[in-house]
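This structure is a prediction, so every number in the text was calculated from the model and none was measured.
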Amino acid sequence: MSQRTVTRRYAAALYEEADATGVLQAVDEDVLMLRESLDANRPLARVFESPVIPEDKKDTIVRELLETRVEPLTVRFLRLLIRKDRETLTKEILDQYQSLRDEQRGIVDAEVTVARPLADEDRAALVKALEEKTGNDIRLHLREDPDLIGGIVIRIGDRVFDASVRSQLSSLHDRLRDATLSDDALDAGA
């Protein structure tokens, strides 16, 4: 079974149990907090990733760190991952859970790269335009890259819209090069 299949199954199981027991909102908040914590705290992430740390030690760490801070279902779920030797997939499972919940809510992530910071009104207009175009609510992830020179690059899922000056200059360069090569070929044939 592929890793993606495994992570989707565990994420779906967590969702189904949270929904069935009426703690969906609390588990959603726990998942968000855990994803942020694993991204920000490398030693915590290593607890889940390390094959050297024994199962009982990992279980103790999870209970001591989280038992009074998160929904009991979340703690039971993490302990299950440890028992089933799936704790190395924790981050991916939490990401899958978030993707599943976003899909159910009609939320999509838009990775947007700009050359310079956007003003608040420009950011709001961009979100509105993307929501109208996709028919979904947009969660905007904005990144600055001065190398773009100007314009914008938008990635939503596997679709990319590149309207950057850098991209347009590169395209122009390619067309000029191709035109020069074609002219050279015509001259050689004459």
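In terms of heavy atoms, Val114 sits closest to Arg116 at CG2-O, 3.0 Å. Across every non-hydrogen atom of Arg69 and Glu64, the tightest pair is NH1-O, 4.3 Å. Of all non-hydrogen atoms in Ala110 and Ile156, the two that sit nearest each other are CB-CG1, 3.8 Å. In plain terms, the two heavy atoms of Leu130 and Ile138 that are nearest each other are CB-CG1, 3.8 Å. Scanning both residues, Ser37 and Leu44, for their nearest heavy atoms gives CB-CD2, 4.0 Å. When all heavy atoms of Val31 and Leu94 are compared, the closest pair comes out as CG1-O, 3.7 Å.
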Verdict with reasoning, Glu17 to Leu24, per side chain to side chain contact (heavy atoms under 4.5 Å, CB included): CA-CA 8 Å; Glu17 185 64 20; Leu24 197 53; over 6 Å; no
CA sep, side-chain torsions, deciding dist, call: Ile93, Phe77, side chain to side chain contact (heavy atoms under 4.5 Å, CB included): CA-CA 11 Å; Ile93 292 168; Phe77 181 74; 3.8 Å; yes
Stepwise side chain to side chain contact (heavy atoms under 4.5 Å, CB included) test for Leu73 and Arg76: CA-CA 5 Å; Leu73 173 60; Arg76 286 194 315 273; 3.5 Å; yes
Derivation of the side chain to side chain donor-acceptor pair (under 3.5 Å) call for Glu92 and Gln96: CA-CA 6 Å; Glu92 291 82 2; Gln96 275 295 335; over 6 Å; no
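Taking CD1 from Ile154 and OG from Ser164, the interatomic distance works out to 11.0 Å, rounded to the nearest 0.5 Å. Summarising the geometry, atom CG belonging to Leu34 is positioned 7.0 Å from atom OG1 belonging to Thr74; distances are rounded to the nearest 0.5 Å. Atom CG of Leu78 and atom CG of Leu14 lie 8.5 Å apart (nearest 0.5 Å). With values rounded to the nearest 0.5 angstrom, Asp145 atom CG is found 12.5 Å from Ile152 atom CD1. To the nearest 0.5 Å, the span separating CD on Glu144 from OG1 on Thr113 amounts to 10.0 Å. Between the CZ atom of Arg63 and the CD1 atom of Ile61 there is a distance of 10.5 Å, given to the nearest 0.5 Å.
The number of heavy-atom neighbours closer than 6.0 Å to CZ of Arg4, taken from other residues, nucleotides and ligands shown, is 12 or below. Within 6.0 Å of CZ in Arg9 there are 12 or fewer heavy atoms belonging to other residues, nucleotides or ligands. Atom CD of Glu103 sits in a sparse spot, with 12 or fewer heavy atoms from other residues, nucleotides or ligands closer than 6.0 Å. By the neighbour-count criterion of 12 heavy atoms within 6.0 Å, atom CZ of Arg35 is densely surrounded, having more than that number from other residues, nucleotides or ligands.
Side chain of Asp30 to backbone of Val70: no donor-acceptor contact under 3.5 angstrom is found. Checked by atom type and distance alone, the side chain of Lys84 never pairs as donor or acceptor with a backbone atom of Arg79 at under 3.5 Å. Although no hydrogens or angles enter the test, the distance criterion places no donor-acceptor pair under 3.5 Å between the side chain of Ser50 and the main chain of Val47.
Contact annotation: the side chain of Arg105 never approaches that of Asp137 to less than 4.5 Å [non-hydrogen atoms, C-beta and beyond]. Within the 4.5 Å cutoff, no side-chain heavy atoms of Lys57 are placed close to those of Val62. With a 4.5 Å cut-off on side-chain heavy atoms, Glu49 and Arg42 count as touching. Taking 4.5 Å as the limit, every side-chain heavy atom of Leu89 sits out of range of all side-chain heavy atoms of Tyr10. Annotation: side chain of Ile107 is not in contact with side chain of Asn136 (no heavy-atom distance under 4.5 Å). Annotation: side chain of Tyr97 is in contact with side chain of Val27 (closest heavy-atom distance under 4.5 Å).
A side-chain donor-acceptor contact under 3.5 Å links Arg101 and Gln104.
Hydrophobic clustering (side-chain heavy atoms under 4.5 Å, transitive across Ile, Leu, Val, Met, Phe, Trp, Tyr) keeps Val153 apart from Leu118. Both Leu80 and Ile82 belong to a common hydrophobic cluster when Ile, Leu, Val, Met, Phe, Trp and Tyr are linked at side-chain heavy-atom distances under 4.5 angstrom. Transitive grouping of hydrophobic side chains (ILVMFWY, heavy atoms separated by less than 4.5 Å) brings Phe161 and Val127 into a common cluster. By the criterion of side-chain heavy atoms lying less than 4.5 angstrom apart, applied directly or through intervening Ile, Leu, Val, Met, Phe, Trp or Tyr residues, Leu142 is grouped together with Val108 in one hydrophobic cluster. Using a 4.5 Å cut-off between side-chain heavy atoms of Ile, Leu, Val, Met, Phe, Trp and Tyr, with links allowed through other members, Val112 and Leu148 fall into different hydrophobic clusters.
Salt bridge present: Asp95 and Lys91 bring a charged side-chain N and a carboxylate O closer than 4.0 Å. A salt bridge links Glu87 with Lys58; the closest basic N to acidic carboxylate O contact falls under 4.0 Å.
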